[in-house]
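Data first, discussion second: the structure below is written as structure tokens.
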Amino acid sequence: MAGAGERDGEEEEEEIVCLEASFFINDNYELKKFTFGSHSFELYCLQSASSTSVIGKCIASTFRPSCFRRLCHLCIRKADFDLTGQLVWPGAMLLNEYLSKNVDLLKGCSVIELGSGVGITGILCSRFCREVVLTDHNDEVQKILKKNIELHSSKDHSHHAELVAEKLEWGNSDQINQILRRRPGGFDLILGADICFQQGSVPLLFDTVKQLLQVRERDCCKFILAYVSRAKIMDSLVVSEAIRHGMQINEIPGTRSVVGNLEGVIFEVTLLEKSPM
């Protein structure tokens, strides 16, 4: 029996295959039109459904069931992480609807967006702001982000703010400082839409936000976060991490609503006091 078990284990090991990163990448983008209030524009993005089901089918046709179960779990985690920024998420729709109704908040402002994805929020902001910096950490997402920037730069939008893409991994002080060296005065607004998916990334998010807020005096810069509730533990974590980083986080009245069958809300986050750099 031990010999048979050992042979089964050897078979399992032989079935494990190393897949290249390209296996998980879906770049089948489609041009889609979005409308927020009286403002309409097009951009490239994946459809709302995750492509992990397609990946799963590919794996299922290649591997036997015992191996498929383990690989499918790995692939789903990997693909969801990689493809997050290639989709337009409910929180982005929530934030854009809010901004389209409160354009005075944007007029003449300098804005940096965290986790920009395909750039849907930044593109809307460019119609009112004087400067818009879109950031994402993922190289594949950077490609589609820059493609959408080029799409809008190629059109006659002389009255729109220039859109700039920057790579930014949350918590990476070198990358944050590199962005700030080119903009020593910092930003008027920090934006984030549906960017709280992984528990481990939330402390890094607020560490990044704090570094950006500290460039300005208190109340001279704020973080507007469109948050969609998917788990109670994440609901609590977002609030507790903001407080732990010396910030106050307040729900903007009238913004709580149902988006994509989930409850969404928009928070305004500011520093409690000027902290030393």
Side-chain angles (χ1 to χ4, degrees), residues 77 80-81 84-85 87-99 101-102 105-106 109 111-117 120-122 125 133-138 168-173 175-176 186-277:
R77 289 189 303 153
D80 276 347
F81 180 79
T84 297
L87 308 170
V88 174
W89 291 90
M93 305 298 286
L94 175 64
L95 181 57
N96 280 26
E97 288 290 350
Y98 170 75
L99 293 174
K101 296 173 182 176
N102 297 272
L105 183 68
L106 301 172
C109 288
V111 171
I112 183 170
E113 185 184 13
L114 307 180
S116 297
I120 188 169
T121 296
C125 289
V133 178
L134 306 180
T135 70
D136 210 287
H137 80 284
N138 186 287
L168 177 57
E169 183 177 2
W170 299 343
N172 188 320
S173 294
Q175 292 179 353
I176 295 170
F187 299 90
D188 299 306
L189 283 176
I190 306 163
L191 300 178
D194 222 343
I195 53 176
C196 300
F197 286 94
Q198 295 182 316
Q199 293 180 44
S201 70
V202 175
L204 298 175
L205 167 63
F206 282 101
D207 177 72
T208 301
V209 170
K210 184 174 183 177
Q211 291 186 58
L212 293 169
L213 288 174
Q214 285 177 329
V215 178
R216 297 284 186 90
E217 295 292 332
R218 183 186 174 192
D219 297 330
C220 292
C221 179
K222 62 182 69 174
F223 175 38
I224 305 297
L225 173 66
Y227 177 76
V228 175
S229 176
R230 295 181 175 87
K232 289 184 178 180
I233 189 170
M234 184 65 79
D235 299 348
S236 300
L237 184 63
V238 168
V239 174
S240 64
E241 281 300 317
I243 295 171
R244 188 174 72 85
H245 282 81
M247 305 174 196
Q248 59 181 12
I249 178 168
N250 297 310
E251 178 179 328
I252 297 177
T255 62
R256 188 171 290 274
S257 62
V258 176
V259 287
N261 296 321
L262 297 169
E263 186 174 59
V265 66
I266 298 179
F267 291 113
E268 179 178 296
V269 183
T270 56
L271 285 177
L272 285 172
E273 59 183 23
K274 180 73 174 180
S275 302
M277 293 295 285

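Note that the structure is a prediction, hence the values are computed from the model and not measured.
- Asp207 contributes no side-chain N or O that, together with a main-chain N or O of Pro203, makes up a donor-acceptor pair within less than 3.5 Å.
- For the pair Asp136 (side chain) and Gly117 (backbone), a donor-acceptor distance under 3.5 Å is present.
- In this structure, Ser236 contributes its side chain and Ile233 its backbone to no donor-acceptor pair below 3.5 Å.
- From Met247, atom CE reaches atom NZ of Lys210 across 6.5 Å, with rounding to the nearest 0.5 Å.
- Counting only N and O atoms by type, the side chains of Ser116 and Glu113 include a donor and acceptor under 3.5 Å apart.
- Judged by distance alone, with hydrogens and angles left aside, the side-chain atoms of Thr135 form no donor-acceptor pair with the main-chain N or O of Leu168 at under 3.5 Å.
- Distance check: Leu95 CG to Cys125 SG gives 7.0 Å after rounding to the nearest 0.5 Å.
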Begin with the C-alpha distance, continue with both residues' side-chain angles, and end with the deciding distance and a verdict on side chain to side chain contact (heavy atoms under 4.5 Å, CB included) for Cys221 and Ile190. CA-CA 8 Å; Cys221 179; Ile190 306 163; 3.9 Å; yes
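- Using a distance-only test at 3.5 Å, with no hydrogens or angles considered, no donor-acceptor pair links the side chain of Glu169 to the main chain of His137.
- When side chains are defined from C-beta on, Phe223 does not count as touching Leu191, because their heavy atoms never get closer than 4.5 Å.
- The backbone N or O of Cys109 lies less than 3.5 Å from no partner atom in the side chain of Asp188, so there is not a single donor-acceptor pair.
- Although no hydrogens or angles enter the test, the distance criterion places a donor-acceptor pair under 3.5 Å between the side chain of Thr255 and the main chain of Ile266.
- By the 30° and 60° cut-offs, the orientation of the rings of Phe267 relative to Tyr227 is tilted.
- For the pair Asn102 (side chain) and Leu105 (backbone), a donor-acceptor distance under 3.5 Å is absent.
- For the 3.5 Å distance criterion, the side chains of Glu263 and Ser229 fail to qualify, holding no donor opposite an acceptor.
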